K.L.:
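Sending over a structure as structure tokens; questions will come in a sec.
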Amino acid sequence: MSNMRGRPVKMFTELIVLLGVIGLSYGAIQRPDYDDTPNPEFLNPSWMASIPDDQPLSEVTMPGTHNTMALFGGVYAECQTWSLASQLQAGVRFLDVRVRHVKGNLTIHHGVSYQRAHFGHVLEGVADFLQEFPSETVLMRLKEEYSETYDIYGAVVNYIHRYAHWDLLWHSRLVPTMGEARGKLIILQDFSGPDLGMRYGSLDIADDWKVPTLVHVEEKWQSVHGHLEAAPAGNKAQIFLTFSSGAGVFAFPRAIAQRINAQLYDYLSAKTDLNQRLGIICMDFPAAPMIQMIIDFQLKEVTKKRRDFNPVLSKGSLKYTFPPQWKKMRKHLNINV
């Protein structure tokens with residue numbers, strides 16, 4: 001009987017939370033951890049230039065976006081507000097791309113929601129970016145969505161030849177070094193067929209995306225936290241991938257991101273040892289300061305190596321320059337959402 005009495009109270013609590021989120025999630029927000037405005041606050045297009053050529057890509061910490069092209073379709077479908085070009089120039093290096101396959105055509109979808117683009121647009125965007133910034137590499141998880149042909153390999157190859165070029169790709173299942181990866185698109189193949197690049201399933205992945213209601217946000221955070229804690233001591237030959245994104249019938253992507261991103265930002269801010277491998281951190285609605293913070297885990301390690309190699313460098317010469325508003329934004333870190 002006590003369980004019966006408690007159930008209506010829980011349902012009422014969830015309803016109140018849900019109604020609150022409906023009001024919360026409309027209108028653009030730009031915080032240090034979360035940004036659903038049209039443009040990043042600042043850009044970081046060539047941050048990989050400082051990574052040593054001999055460093056394996058599995059030891060690089062990098063920001064990524066979940067459902068990278070999901071900019072349309074309402075609150076249940078939208079996961080980003082920045083264009084592909086803006087995401088890449090802001091520093092995002094892992095893309096999560098979903099294609100619907102119909103008679104050889106590959107349109108971009110998030111579930112039922114068509115994203116006003118096709119796979120060729122993604123390839124052109126990545127190729128243009130890597131041509132302008134050849135020091136960088138882009139990893140792309142590619143899978144079929146909202147169709148069940150289980151046979152997209154031929155169409156993918158056709159699109160690569162039409163909208164990019166074959167040599168743009170890293171053609172190996174092996175994890176490349178940074179030097180080998182520069183200027184390359186690394187397809188993380190989440191579909192059957194001959195090898196185009198690395199296999200998505202070869203990564204160490206935490207993607208507990210089902211968050212039924214906002215009451216379950218803490219369970220989602222524990223999944224994110226646990227995988228990030230495991231990454232520094234994990235297999236250095238394996239790429240770690242942690243999705244902070246989530247959604248459910250009563251918890252759409254914006255609502256989850258507004259909460260999880262804040263906890264992720266706090267977690268990263270509190271880490272005292274920046275010389276750690278965290279792997280790929282894949283987010284909905286990341287903000288430029290959050291992206292910069294993730295990048296810093298890599299750059300601090302590189303800075304240490306450079307200082308050891310060339311002791312003539314002063315500490316002042318190794319400091320990074322942040323926009324003037326950075327210090328101001330840090331004061332607003334603990335935002336109640």
Side-chain angles (χ1 to χ4, degrees), residues 35 40 43-48 51 55-71 79-80 82-99 108 110 119 122-123 125-127 129-130 133 135-143 145 168-170 175-176 178 180-191 196-207 209 224 227-228 231 234 238-246 253 257 260-261 264 268 277-288 290-299:
D35 190 345
L43 303 178
N44 206 337
S46 56
W47 63 269
M48 286 181 149
I51 302 175
Q55 184 166 337
L57 207 61
S58 55
E59 295 184 11
V60 177
T61 296
M62 69 182 81
T65 49
H66 157 257
N67 248 303
T68 301
M69 301 295 289
L71 279 68
C79 299
Q80 312 296 334
W82 301 345
S83 68
L84 174 61
S86 292
Q87 290 182 42
L88 291 170
Q89 296 221 12
V92 169
R93 293 294 174 268
F94 170 87
L95 311 178
D96 177 23
V97 177
R98 321 291 184 88
V99 294
I108 306 297
H110 182 193
F119 186 49
V122 178
L123 289 170
V126 172
F129 173 77
L130 291 175
F133 300 100
S135 63
E136 309 302 290
T137 187
V138 175
L139 290 78
M140 181 195 299
R141 183 256 189 118
L142 183 62
K143 65 169 291 190
E145 180 145 340
L168 179 69
L169 271 57
W170 167 251
V175 177
M178 192 65 239
E180 292 170 327
R182 294 194 197 281
K184 297 287 186 181
L185 167 62
I186 302 172
I187 290 183
L188 301 174
Q189 190 169 333
D190 199 2
F191 54 92
L196 281 177
M198 296 178 62
R199 296 285 171 165
Y200 179 70
S202 70
L203 279 61
D204 189 314
I205 304 166
D207 185 14
W209 65 268
V224 173
H227 203 245
L228 290 176
Q238 189 175 28
I239 295 175
F240 268 60
L241 170 60
T242 306
F243 283 86
S244 67
S245 52
I260 293 293
N261 287 15
L264 177 60
L268 296 174
R277 185 278 299 261
L278 298 179
I280 301 166
I281 303 177
C282 187
M283 302 161 282
D284 282 342
F285 306 103
M290 174 86 93
I291 290 171
Q292 179 69 60
M293 185 178 293
I294 293 169
I295 291 170
D296 278 350
F297 278 84
Q298 174 57 37
L299 294 180

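The shown structure was predicted, so the numbers you read here are calculated from the model rather than taken from an experiment.
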K.L.:
How far does CZ of Phe243 sit from CD1 of Ile280, to the nearest 0.5 angstrom?
P.N.:
8.5 Å
K.L.:
Return the minimal non-hydrogen interatomic distance between Ala127 and Leu168, and the atom names on each side.
P.N.:
CB-CD2, 4.1 Å
K.L.:
Please report the C-alpha distance between Phe129 and Leu84 in whole Å, then the side-chain angles of each, then the deciding distance to 0.1 Å, and finally whether the side-chain contact (heavy atoms from CB on, under 4.5 Å) criterion is met.
P.N.:
CA-CA 10 Å; Phe129 173 77; Leu84 174 61; over 6 Å; no
K.L.:
Could you walk me through whether Ser58 and Gln238 satisfy the side-chain contact (heavy atoms from CB on, under 4.5 Å) test, starting with their C-alpha distance in whole Å, then the side-chain angles of each, then the deciding distance to 0.1 Å, before giving a yes or no?
P.N.:
CA-CA 6 Å; Ser58 55; Gln238 189 175 28; 5.8 Å; no
K.L.:
Considering all heavy atoms of both residues, which atom of Pro286 and which atom of Trp82 are nearest to each other, and what is their separation?
P.N.:
O-CH2, 3.1 Å
K.L.:
Excluding sequence neighbours, so at least two apart, what forms ring-ring contact (aromatic ring centres under 6.0 Å, His included) with Phe94?
P.N.:
none
K.L.:
Could you check whether any side-chain N or O of Gln80 sits under 3.5 Å from a backbone N or O of His66, counting only pairs where one atom can act as donor and the other as acceptor?
P.N.:
yes
K.L.:
Are any side-chain N or O atoms of Thr137 and backbone N or O atoms of Gly183, one a donor and one an acceptor, separated by less than 3.5 Å?
P.N.:
no
K.L.:
Kindly indicate whether the side chain of Phe191, heavy atoms from C-beta on, has any atom under 4.5 Å from the side chain of Leu196.
P.N.:
yes
K.L.:
Should Val60 and Ile51 count as side-chain neighbours, where that means a heavy-atom distance under 4.5 Å?
P.N.:
yes
K.L.:
Taking the side chain as everything from C-beta on, heavy atoms only, tell me whether Glu136 gets closer than 4.5 Å to Leu130.
P.N.:
yes
K.L.:
Looking only at heavy atoms, which two atoms of Ile239 and Leu139 are closest? And how far apart?
P.N.:
CD1-CD2, 4.1 Å
K.L.:
How long is the straight-line distance from CE of Met69 back to OG of Ser83, given to the nearest 0.5 Å?
P.N.:
8.5 Å
K.L.:
Quick one: are Leu123 and Leu185 in side-chain contact, heavy atoms under 4.5 Å?
P.N.:
yes
K.L.:
Counting N and O atoms only, with roles assigned by atom type, does the side chain of Glu145 sit under 3.5 Å from a partner on the main chain of His110, one being a donor and the other an acceptor?
P.N.:
no
K.L.:
Is the side chain of Trp47 donor-acceptor paired with the backbone N or O of Gly91 at a distance under 3.5 Å, no angle test?
P.N.:
yes
K.L.:
Could you give the distance from CG (Leu264) to CE (Met290), rounded to the nearest 0.5 Å?
P.N.:
4.0 Å
K.L.:
What is the distance from atom CZ of Phe119 to atom CD1 of Ile108, rounded to the nearest 0.5 Å?
P.N.:
7.0 Å
K.L.:
List the steps, then state whether side-chain contact (heavy atoms from CB on, under 4.5 Å) holds for Asp204 with His227.
P.N.:
CA-CA 9 Å; Asp204 189 314; His227 203 245; 2.7 Å; yes
K.L.:
Would you say Leu278 and Ile294 make side-chain contact, with heavy atoms under 4.5 Å?
P.N.:
no
K.L.:
State, to 0.1 Å, how close Cys79 and Asp284 come at their nearest heavy-atom pair, and which atoms those are.
P.N.:
CB-OD1, 3.3 Å
K.L.:
State the CD1-CG distance between Ile186 and Leu95, to the nearest 0.5 angstrom.
P.N.:
11.5 Å
K.L.:
Output, in order, the C-alpha distance, side-chain angles, deciding distance and verdict of side-chain contact (heavy atoms from CB on, under 4.5 Å) for Ile291 and Asn44.
P.N.:
CA-CA 9 Å; Ile291 290 171; Asn44 206 337; 5.7 Å; no
K.L.:
Would you say Arg98's side chain and Asn67's backbone share a donor-acceptor pair under 3.5 angstrom?
P.N.:
no
K.L.:
Heavy atoms only: give me the nearest Met178-Leu57 pair and the separation to one decimal.
P.N.:
SD-CD1, 3.9 Å
K.L.:
Strictly distance-based, threshold 3.5 Å: is any side-chain N or O of Arg93 a donor or acceptor partner for the main-chain N or O of Pro63?
P.N.:
no
K.L.:
Over all heavy atoms of both residues, which pair between Ser46 and Phe133 is shortest? Give the atoms and the distance, please.
P.N.:
CB-CD2, 4.1 Å
K.L.:
Would you say the side-chain atoms of Gln87 pair up with the backbone N or O of Thr65, donor to acceptor, closer than 3.5 Å?
P.N.:
no
K.L.:
Rounded to the nearest 0.5 Å, how far does OG1 of Thr68 lie from CZ of Arg141?
P.N.:
10.0 Å
